[in-house]
Amino acid sequence: SGKAFEAIQAAMPAFNHYGFDIARYRIFVDDLGTNIGVTFYDADVPTSRLAASIGSPGKIPGVSVEVDRTRLRVIRSGLVQ
């Protein structure tokens with residue numbers, strides 16, 4: 001949806017801060033109520049493994065970004081290891 005795309009755009013500077021190659025990641029957007037979660041996971045990991053894991057199931061760390069739904073500003077971000 002349009003809001004998901006806007007959330008991804010808002011999250012990209014936080015992702016880029018870590019210096020990772022976006023081509024190696026798959027992006028997931030989650031409704032967190034008042035906020036939107038944008039998570040970048042290793043693109044080589046099957047989606048079925050993502051749901052069953054705690055932390056990043058891939059060989060490279062994931063990045064989690066929480067974005068304010070209304071203002072589309074990053075609230076927090078961090079590595080998923």
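Keep in mind it's a predicted model, so treat the numbers as computed, not measured.
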Can you confirm whether [X] sits close enough to [Y] that some side-chain heavy atom of one is under 4.5 Å from a side-chain heavy atom of the other?
X     : Y     : answer
Ile22 : Ile27 : yes
Tyr18 : Leu79 : yes
Val80 : Tyr41 : yes
Ile36 : Val29 : yes

**Request:** Begin from the C-alpha positions of Phe20 and Ile60 and carry the test side chain to side chain contact (heavy atoms under 4.5 Å, CB included) through to its verdict.
**Result:** CA-CA 9 Å; Phe20 299 138; Ile60 56 176; over 6 Å; no
Work out which heavy atom in [X] is nearest to a heavy atom in [Y]; give both atom names and the distance.
X     : Y     : value
Arg26 : Pro46 : NH1-C, 4.1 Å
Ala7  : Val67 : O-CG2, 4.0 Å
Ala11 : Val65 : CB-CG1, 3.7 Å

Contacts of Glu6 meeting side chain to side chain contact (heavy atoms under 4.5 Å, CB included) (sequence neighbours excluded), chain-then-number -> Lys3, Leu72
Quiz item: Does the ring center of Phe15 lie less than 6.0 Å from the ring center of Tyr25?
Solution: yes
| said: Quick check on the hydrophobic clustering: are Ile75 and Ile8 connected, directly or via other members, by side-chain heavy-atom contacts under 4.5 Å? | reply: no
Flag yes if Val45 and Val38 sit in one hydrophobic cluster, no otherwise; membership is Ile, Leu, Val, Met, Phe, Trp, Tyr, and two members link when side-chain heavy atoms are under 4.5 Å apart. no
Residues joined to Phe5 in its hydrophobic cluster, side chain to side chain under 4.5 Å directly or through other members, sorted by chain and number, are none
Do Arg24 and Asp42 pass the side chain to side chain contact (heavy atoms under 4.5 Å, CB included) test, and can you show the C-alpha distance, the side-chain angles, and the key distance before you say yes or no?
CA-CA 6 Å; Arg24 297 184 66 198; Asp42 185 339; 5.6 Å; no
When rounded to the nearest 0.5 Å, the distance separating CZ of Phe40 from CE of Met12 is 5.5 Å
The complete set of salt bridge (Lys or Arg N to Asp or Glu O under 4.0 Å) pairs with one or both residues in residues 68-81, sequence neighbours excluded, reads Asp31-Arg69, Glu66-Arg76
